[in-house]
Structures are given as structure tokens and as C-alpha cells.
Protein chains: 2
Amino acid sequence: MKQETRKEEIIRVAAKLFKEKGYSAVTMRDLATAMGIKAASLYNHINSKQDILNTIIISIAEEFTQGMKLVQDSKLSCIDKLKQIVALHVKIASENIYGMASLNNDWMHLETQLNYYLSLRGNYEKDFLSIIQQGIESSELKNVNPEIVMFSMLTTLRSLYIWIPKKEELNANDLANNLNNVLIHGINI
Amino acid sequence: MKQETRKEEIIRVAAKLFKEKGYSAVTMRDLATAMGIKAASLYNHINSKQDILNTIIISIAEEFTQGMKLVQDSKLSCIDKLKQIVALHVKIASENIYGMASLNNDWMHLETQLNYYLSLRGNYEKDFLSIIQQGIESSELKNVNPEIVMFSMLTTLRSLYIWIPKKEELNANDLANNLNNVLIHGINI
DNA sequence: GTCTATATTTTGATAGAC
DNA sequence: GTCTATCAAAATATAGAC
């Protein structure tokens with residue numbers, strides 16, 4: 001278990017504040033107070049507020065990109081690939097509740113890294129859609145609108161960070177299984 | 001067709017800017033520029049930035065509350081009630097793309113109206129959950145986790161404002177039908 | 001209904017002492 | 001690694017002329 005550096009601690013606390021009020025509404029004084037120090041002291045560890053946001057968002061976005069690559073390279077059926085994607089989201093969201101909020105809500109406040117983030121997101125969605133389309137072609141999935149399926153699954157998965165903290169009694173495995181049932185098999189008899 | 005007042009125009013333009021950058025990141029100067037006037041002139045029509053947010057969010061939240069009441073008072077089956085809720089979200093989101101963004105992302109910046117908003121939202125979710133639970137009891141729905149079903153449906157529906165503008169070729173009816181299929185009947189064969 | 005001018009507060013960030 | 005002191009810019013909002 002690696003010891004958390006002061007810089008990492010600042011980023012972790014910042015992500016928590018960003019989740020509660022959003023990047024723009026959190027001031028460096030808010031962050032300093034939460035750390036128990038003065039605002040000026042933050043700059044001994046980080047370069048700027050913007051740098052904190054970059055670190056939070058890009059690290060998670062790259063984690064998703066890596067996870068999607070593993071799913072694609074696998075020889076799984078389409079439905080099993082979708083289940084792997086559900087598990088990927090449950091895992092990342094569980095481990096990074098606060099960061100997921102910034103990824104979802106504050107990506108537009110990225111500056112130098114905005115285009116890089118958008119390219120990662122665009123590719124992720126392209127790959128996701130392609131899995132669904134293959135499932136329809138191979139008759140593994142119903143002939144549904146693939147974009148609506150992706151939209152529905154992805155918004156649910158991207159919002160897990162809101163919901164996981166309210167349901168601490170569900171472990172990651174149970175949550176992923178329940179989500180698979182609901183998202184893939186539907187809810188009617 | 002009632003003529004739009006200057007105040008309504010300001011609120012409409014503000015909602016559009018709030019959607020793009022969030023409430024906190026939009027300045028009164030941004031809003032004034034978008035209106036083609038100076039910031040000070042805004043205050044001839046509105047009391048404060050906060051008042052704009054109140055108006056945007058509370059009006060939509062009350063619209064949802066009203067719609068849910070109609071669904072509850074109906075004698076429809078559980079699945080038909082869920083379909084009515086889907087249609088309600090599609091309708092409100094279609095008519096108020098920008099306002100839905102504030103409702104979803106900037107409710108925490110409400111001040112005097114925060115508790116009122118939270119009570120409306122809490123009651124809405126309570127009613128939604130109750131419909132799902134009744135469907136399970138009456139065997140109209142599978143024995144799924146009702147909270148996961150509500151979470152999945154509600155996050156998808158609440159995010160429609162992101163997605164509708166990208167799919168202008170789908171009218172509200174087609175979208176609602178497609179969503180019903182995906183959300184209720186699932187996607188696998 | 002819009003303007004200029006301005007008051008007041010808050011913001012991100014830096015310099016330099018300890 | 002933290003502090004005090006401070007800067008320069010930007011924020012919401014008001015007053016009063018036109």
C-alpha cells in the first residue's frame with residue numbers, strides 16, 4: 001500500500017469538493033480550508049486549479065479507454081462484452097466516486113486537455129456502439145435502435161457515482177449482476 | 001402564441017448558457033453579451049442571477065410533479081404507467097432542452113428554493129419507486145431490484161436533454177417508443 | 001430599456017519569511 | 001511545507017443619466 005503524497009491528497013480532496021459543487025464553484029480557498037491549510041500553500045504542490053481538474057479527468061478517461069481495449073480484444077460474445085463493460089463501469093465508479101462526477105459534469109472546463117478528452121470519449125462511444133451493432137447483426141440482440149441502447153446503458157453507467165454511495169449494502173458484484181439483468185434482459189415478464 | 005417578454009428571453013438565453021458551462025461558470029457579462037446588451041441592463045428585468053436559476057429549475061420540477069400526479073391518478077397498468085412516465089420525460093426534455101441541464105446539474109446552487117426542490121424530487125422518486133414495486137407485487141414485472149430499475153430508468157430519462165439535440169430526425173413519439181422497448185423489454189433475444 | 005460609472009467582494013495566483 | 005501579505009483580474013450588483 002503506497003503512501004499517499006500531499007499532492008495526491010489535494011487532488012483527492014478537490015475531487016470530493018468538485019462533486020458537491022462543481023469545478024467552477026469550488027475556490028482554492030475552499031480547497032485549502034478542506035485541507036486545513038491556507039490557499040497559498042496549495043501552490044507548493046500543484047501548479048493551478050486547472051491542473052487538478054486535468055489530473056482527475058484524464059486519469060479516469062484513460063482507465064476507461066484501457067478497459068474498452070481489453071473487452072474488444074477478447075473473444076467474448078456480444079452480450080458478454082456488454083456485461084464486461086457494465087463491470088468496468090461499476091469497478092471504476094466504485095473506486096473513484098468523486099472523480100466520476102468531474103468526468104461527467106466538468107469536462108467542458110478542461111482547457112489544454114479538452115480535445116484529448118473528447119477524442120478518448122468519442123472513441124469509447126464508437127467502440128461501444130460497434131459492439132451493439134455486431135450483436136444485432138449476429139442476431140444476439142433484438143433489432144433495436146443501437147444508438148438508443150448505447151445512450152441508455154451509458155447514461156445509466158455514467159451516473160453510477162451518484163447512486164453507489166446511497167447503496168453501500170450492495171457489493172460491486174451484486175450491483176453489476178443486477179444492472180446486467182435490468183439493462184440487458186428488461187424488466188417485464 | 002404569446003409574445004415572449006424580455007425577462008423570459010433573458011431566462012431562455014441564460015438556460016442555454018447554463019447548459020454549456022454550468023451556472024457557476026456563466027457570468028452576468030456572458031449573459032449580457034449573449035443578449036446583446038450590457039450587464040447592468042439585465043437588472044432592469046431580473047433581480048439576481050440566483051433568481052434566474054430558481055425560475056428555470058422550479059418551473060420544470062413542478063411540471064414533473066404535475067405529470068406524475070396525472071399518472072398516479074390514472075387506472076393504467078403498471079407497465080402503461082411506466083410508459084406514461086417515459087413519455088412525460090420525452091415531452092418535457094424536448095420542450096426544454098436547456099432547462100433540463102440546469103435541473104440536473106445546477107440544483108445544488110439553489111439557495112432559498114433548495115429545500116423545496118429537494119422535496120419535489122424526493123416525492124417524485126418515491127412515487128416512481130412505488131409504481132415499480134406495485135408492478136413486481138402484481139407479477140407484471142420480473143422480480144428485479146426496484147431501486148436499480150428506477151435508478152436506471154431515471155438516469156436515462158434525466159439525460160435525454162443531452163441526446164435529443166443530436167438526434168433531430170427522431171420525433172418524440174418514435175423516441176418514446178424506442179425507449180420503452182429498450183427500458184422495459186430489454187435488448188436480448 | 002439601455003447606458004456609463006462605480007462600489008464591494010471574491011477570485012487565482014505570486015513573493016518572500018520562517 | 002506553511003505562513004502573511006499582496007496583486008491583478010473578474011465577479012455581482014447599484015445609482016443615476018438618457
Side-chain angles (χ1 to χ4, degrees), chain A residues 2-58 98 101-102 105-114, chain B residues 2-58 98 101-102 105-114:
Chain A
K2 186 171 145 274
Q3 176 72 34
E4 185 182 48
T5 68
R6 200 83 169 115
K7 179 174 180 173
E8 286 164 347
E9 188 185 359
I10 289 172
I11 289 167
R12 175 173 56 79
V13 172
K16 184 170 185 172
L17 296 182
F18 291 169
K19 183 195 173 217
E20 286 162 13
K21 304 203 297 175
Y23 173 74
S24 303
V26 174
T27 71
M28 295 303 274
R29 284 165 182 79
D30 291 336
L31 176 53
T33 301
M35 290 288 300
I37 58 179
K38 297 288 173 181
S41 307
L42 293 169
Y43 291 89
N44 205 50
H45 307 280
I46 52 100
N47 294 317
S48 65
K49 190 185 174 188
Q50 173 71 200
D51 254 22
I52 298 175
L53 188 69
N54 276 336
T55 306
I56 293 170
I57 292 182
I58 298 299
Y98 303 129
S102 298
N105 305 322
D106 286 318
W107 57 267
M108 73 287 281
H109 299 120
L110 289 172
E111 293 166 12
T112 58
Q113 304 269 56
L114 177 59
Chain B
K2 187 172 144 272
Q3 176 72 34
E4 186 181 48
T5 68
R6 200 82 168 113
K7 178 173 179 174
E8 287 164 348
E9 188 184 359
I10 290 172
I11 290 167
R12 176 173 56 79
V13 172
K16 184 169 184 173
L17 297 182
F18 292 169
K19 183 195 173 217
E20 288 161 12
K21 303 203 297 176
Y23 174 75
S24 303
V26 173
T27 72
M28 295 303 274
R29 284 170 183 77
D30 291 336
L31 176 53
T33 302
M35 289 289 298
I37 58 178
K38 297 288 176 182
S41 307
L42 293 170
Y43 291 89
N44 203 51
H45 307 281
I46 53 100
N47 293 318
S48 65
K49 188 185 175 189
Q50 173 70 199
D51 254 21
I52 298 175
L53 188 68
N54 277 336
T55 305
I56 293 170
I57 292 182
I58 298 299
Y98 304 129
S102 299
N105 305 320
D106 286 319
W107 58 266
M108 72 287 282
H109 298 119
L110 290 173
E111 292 165 12
T112 58
Q113 305 270 54
L114 177 59

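None of the values given here were measured: they were computed from a predicted structure. Throughout, protein chains are lettered first and strands after them, A, B, ... in sequence-line order, and every chain is numbered starting at 1.
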Enquirer: Would a distance-only check, ignoring hydrogens and angles, find a side-chain to backbone donor-acceptor pair under 3.5 Å from Q50(A) to H109(A)?
Expert: yes
Enquirer: For K7(A) and dT2(D), give me the distance from atom NZ to atom P, rounded to whole Å.
Expert: 15 Å
Enquirer: Show, in sequence, the C-alpha distance, side-chain angles and deciding distance for D106(A) and I56(A), and conclude whether the side chain to side chain contact (heavy atoms under 4.5 Å, CB included) test is met.
Expert: CA-CA 10 Å; D106(A) 286 318; I56(A) 293 170; over 6 Å; no
Enquirer: If you round to the nearest 0.5 Å, how far is CD1 of I10(A) from OH of Y43(A)?
Expert: 10.5 Å
Enquirer: For the atom pair CZ (R29(A)) and CG (L31(A)), what is the distance rounded to the nearest 0.5 Å?
Expert: 12.0 Å
Enquirer: Please give, in whole Å, the distance from dT2(D) P to L42(A) CG?
Expert: 9 Å
Enquirer: Would you give a per-nucleotide map of nucleotides 5-18 of chain D, 5' to 3', where B means the base has a protein non-hydrogen atom under 4.0 Å away, S means only the sugar-phosphate does, and - means neither?
Expert: B-----BBBBB---
Enquirer: Measure the distance from NE2 on H45(B) to C1' on dG1(C) and round it to the nearest whole Å.
Expert: 5 Å
Enquirer: How many whole angstroms separate atom CG of L31(A) from atom C1' of dT10(C)?
Expert: 16 Å
Enquirer: Answer yes or no: does a side-chain N or O of S41(A) lie under 4.0 Å from OP1 or OP2 of dG1(D)?
Expert: no
Enquirer: Taking the side chain from N54(A) and the backbone from D51(A), do they hold a donor-acceptor pair closer than 3.5 Å?
Expert: no
Enquirer: Tell me the interatomic distance from N44(A), atom CG, to dA15(C), atom C1', rounded to whole angstroms.
Expert: 13 Å
Enquirer: For E111(A), check salt bridge (Lys or Arg N to Asp or Glu O under 4.0 Å) against everything at least two apart and list the hits.
Expert: none
Enquirer: Without decimals, in angstroms, what is the distance between M35(A) CE and dT2(D) P?
Expert: 7 Å
